[in-house]
Amino acid sequence: QKEVEQNSGPLSVPEGAIASLNCTYSDRGSQSFFWYRQYSGKSPELIMSIYSNGDKEDGRFTAQLNKASQYVSLLIRDSQPSDSATYLCAVNSGGSSGSARQLTFGSGTQLTVLP
Amino acid sequence: GAGVSQTPSNKVTEKGKYVELRCDPISGHTALYWYRQSLGQGPEFLIYFQGTGAADDSGLPNDRFFAVRPEGSVSTLKIQRTERGDSAVYLCASTPLPPRGYTFGSGTRLTVV
């Protein structure tokens, strides 16, 4: 079983809709959770971080964390064609939120926003 | 610098040759990480440094891979006797401590022919 799992997609949504991206992880000791956006041929770019249960909103993005279910999601409201990219879920397993331990990445979900 | 800088951006080498990939992190970032990413996959951890020392090298696939960070800033990933399976994008990232998420460099695309 992979440590961080994502639906590879592709996920297609119409412009203006809400895109919902999901991620599950296996290590119950995980403390920090991140969403990265990666455009084709480019490096990953951090868009959201979340450390405690509940929702965290930043502009059109909302990250949701449920540690009991080992589940983290990313909602993108009012999706735009420029949001079309691969979204990577990353988990810092073990240690405190201050630990420099490495992140474990999922394989990513490819999102296409149709104009 | 303003961001994480990686050189070269592209490297084509023949099977069996030695290569060095360079990473210049954001100034003041204590932690530095090397990942590699194959097509359609997420980044795969190789090694990370806190300061000058390798804090965790458990992701290095075999003893052909080695990395250094002698002065706690620039890091070099070294691959000996390259194989075609080493072809991938090698990503470097850095973060201050406590970490607030990585900042990745633009990567080095390594192609072994």
Going by the rule side chain to side chain contact (heavy atoms under 4.5 Å, CB included), which residues pair with A:Leu46 if we only count those two or more places apart in sequence or in a different chain?
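Per chain and number, A:Leu46 pairs via side chain to side chain contact (heavy atoms under 4.5 Å, CB included) with A:Phe34, A:Tyr36.
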Can you check whether A:Tyr51 and A:Phe33 have ring centres sitting under 6.0 Å from each other?
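No - the distance between ring centres of A:Tyr51 and A:Phe33 does not fall below the 6.0 Å cut-off.
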If you take the centroid of each ring, where Trp contributes its six-membered ring, are B:Phe104 and B:Tyr33 closer together than 6.0 Å?
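Between B:Tyr33 and B:Phe104, the centre distance exceeds or equals 6.0 Å.
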Going by residue number, which parts of residues 74-89 of chain A are within reach of chain B, meaning a heavy-atom gap below 4.5 Å?
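Against chain B, the residues of residues 74-89 of chain A that fall inside the cut-off (heavy atoms, under 4.5 Å) are A:Leu88.
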Taking only residues at least two apart or on different chains, which pairs with a member in residues 6-16 of chain A satisfy salt bridge (charged side-chain N to carboxylate O under 4.0 Å, His left out)?
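Counting only pairs at least two positions apart or across chains, no salt bridge (charged side-chain N to carboxylate O under 4.0 Å, His left out) contact touches residues 6-16 of chain A.
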Could you tell me the separation between the CZ atom of B:Phe45 and the CG atom of B:Leu60, rounded to the nearest 0.5 Å?
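Rounded to the nearest 0.5 Å, the CZ-CG separation comes out at 7.5 Å.
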Straight-line distance of B:His29 NE2 to B:Tyr102 OH, nearest 0.5 Å:
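Answer for the NE2-OH pair, B:His29 versus B:Tyr102, is 12.5 Å.
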Using heavy-atom distances under 4.5 Å, tell me whether B:Gln37 contacts chain A through its side chain, its backbone, both, or neither.
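Answer is side chain: those atoms of B:Gln37 sit under 4.5 Å from chain A.
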Which atom names give the shortest non-hydrogen contact between B:Arg36 and B:Pro61, and what distance separates them?
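Looks like NH2-CG, 3.9 Å.
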Heavy-atom cut-off 4.5 Å, strictly under: side chain, backbone, both or neither for A:Glu45 against chain B?
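A:Glu45 has no heavy atom closer than 4.5 Å to chain B.
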Please write out which residues are connected to B:Phe66 in a hydrophobic cluster, directly or through intermediates, given that two of Ile, Leu, Val, Met, Phe, Trp, Tyr count as joined at side-chain heavy-atom separations below 4.5 angstrom.
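Via sub-4.5 Å side-chain contacts, B:Phe66 links to B:Val68.
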Top residue by heavy-atom pair count (under 4.5 Å) with chain A, among B:Gly107, B:Ser106, B:Ala93, B:Pro43?
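Counting heavy-atom pairs under 4.5 Å, the top option is B:Pro43.
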Contact winner vs chain B - A:Pro44, A:Ser49, A:Gly41, heavy-atom pairs under 4.5 Å:
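Top option by heavy-atom pairs under 4.5 Å: A:Pro44.
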